[in-house]
Amino acid sequence: MARTVLVVEDEMKIRELLRNYLEREGYSVVTTGSGAEALALLETVGPDLVVLDLGLPDIAGETVAAELRRSSNIPVLVLTAKASEADRIRSLEIGVDDYVTKPFSPREVMLRINAILRRSSGVAAIAAQAFGSGELLIDESRREVVVRGAPVDLTATEFGILSALASTPGRVYSRTELLNRVRGYEFASERAVDSHVKNLRRKIEADPAYPHIVSTVVGAGYRLGLNRDR
Ligand code: CA
């Protein structure tokens with residue numbers, strides 16, 4: 001079945017450009033120029049991925065993204081005209097999976113969409129792995145994480161970071177390495193990794209009575225290990 005992409009963009013030219021490219025790649029495409037309609041369409045369409053312009057006429061794209069993230073795990077690719085680094089970081093802090101700055105090349109958008117969906121569907125799947133006598137279970141093929149028996153909803157990027165760390169538990173991964181593992185290409189901001197790790201921890205280390213799952217190694221990066229200390 002064709003995967004569905006919801007394109008939320010108020011500029012008709014960009015919307016139709018993306019539609020053409022996506023349809024050519026075999027995606028089924030639903031578009032809207034309104035943030036409010038986008039939130040309604042999430043329910044009815046059930047897209048596999050959302051392309052979201054931050055500059056919408058009715059609701060700020062950031063609000064749409066935050067709303068979307070509260071209720072689902074659907075991957076989000078943000079389109080932004082705001083090229084400043086602060087805005088980029090902010091986009092990632094609200095839990096989006098990737099972004100492109102306008103003007104963009106449709107080819108680049110396609111590559112990023114394909115990469116996000118590849119990550120989130122776990123095509124390069126390995127079997128489920130258990131860590132710390134089953135305290136943490138990662139099922140790559142189903143993209144599911146279970147912490148002490150409770151399923152946890154992670155974004156595609158958070159899942160990517162966790163499964164990268166889990167590929168060799170105990171090994172320290174630098175932020176750059178994690179970026180490369182997760183995104184598959186170079187990306188400058190190490191701070192973005194920190195904010196994804198922060199979100200990941202909030203979700204998988206919610207119970208203070210239990211050991212931490214992701215450890216910070218000062219000056220080096222992160223590693224997976226069930227520890228009492230950070
Ligand atoms: Ca716009």
Side-chain angles (χ1 to χ4, degrees), residues 2-120 153 155-158 160 179 182-189 191-193 195-196 199:
R3 296 214 263 188
T4 305
V5 176
L6 172 62
V7 177
V8 188
E9 164 65 76
D10 59 308
E11 282 172 66
M12 206 215 285
K13 259 168 76 180
I14 297 181
R15 208 160 62 212
E16 291 313 310
L17 179 73
L18 289 175
R19 178 198 289 283
N20 287 340
Y21 268 84
L22 284 160
E23 286 182 346
R24 217 181 300 160
E25 293 262 328
Y27 292 102
S28 139
V29 182
V30 177
T31 65
T32 175
S34 134
E37 196 181 55
L39 290 173
L41 283 170
L42 285 178
E43 303 280 322
T44 52
V45 173
D48 295 286
L49 181 138
V50 177
V51 177
L52 177 66
D53 176 31
L54 285 190
L56 295 171
D58 57 343
I59 310 179
E62 288 90 338
T63 310
V64 176
E67 193 58 38
L68 194 154
R69 195 44 80 228
R70 250 170 16 108
S71 56
S72 83
N73 239 0
I74 301 169
V76 180
L77 173 72
V78 153
L79 305 177
T80 176
K82 307 167 187 170
S84 77
E85 187 66 10
D87 283 322
R88 294 183 179 195
I89 303 293
R90 205 151 50 92
S91 315
L92 295 167
E93 276 173 351
I94 54 178
V96 307
D97 296 276
D98 205 353
Y99 68 89
V100 284
T101 306
K102 293 177 182 176
F104 54 78
S105 92
R107 186 75 208 128
E108 185 190 1
V109 172
M110 289 313 313
L111 288 174
R112 292 191 185 218
I113 287 175
N114 290 338
I116 292 172
L117 288 173
R118 226 180 6 254
R119 286 207 297 274
S120 65
D153 278 346
T155 65
T157 304
E158 289 157 7
L179 285 168
V182 170
R183 302 168 63 98
Y185 50 85
E186 290 293 330
F187 175 64
S189 170
R191 277 188 297 159
V193 175
S195 70
H196 284 296
N199 292 336

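Each ligand, and each atom within it, is numbered from 1 in the order the structure gives. On a predicted model such as this, the values are computed, not experimentally measured, just so you know.
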Nearest 0.5 Å please: distance from the OG1 atom of T101 over to the CG atom of L54. 9.5 Å
For E43, is the CD atom crowded, meaning more than 12 foreign heavy atoms sit under 6.0 Å from it? no
Would you confirm whether R69, through its side chain, and I74, through its main-chain N or O, come within 3.5 Å as a donor-acceptor pair? yes
Could you list the donor-acceptor pairs under 3.5 angstrom formed between side-chain atoms of residues 6-15 and any protein atom two or more places apart in sequence or on another chain?
from : atom 1 : to   : atom 2 : distance (Å)
E9   : OE1    : K102 : NZ     : 2.9
E9   : OE2    : E11  : N      : 2.8
R15  : NH1    : E9   : O      : 2.9

Distance criterion under 3.0 Å: protein N/O/S atoms around the Ca ion (ligand 1): 3
Which pair of heavy atoms, one from V29 and one from T31, lies closest together, and at what distance? CG1-CG2, 3.8 Å
With respect to L77, which candidate in V96, I113, L117 satisfies the side-chain contact (heavy atoms from CB on, under 4.5 Å) definition? I113
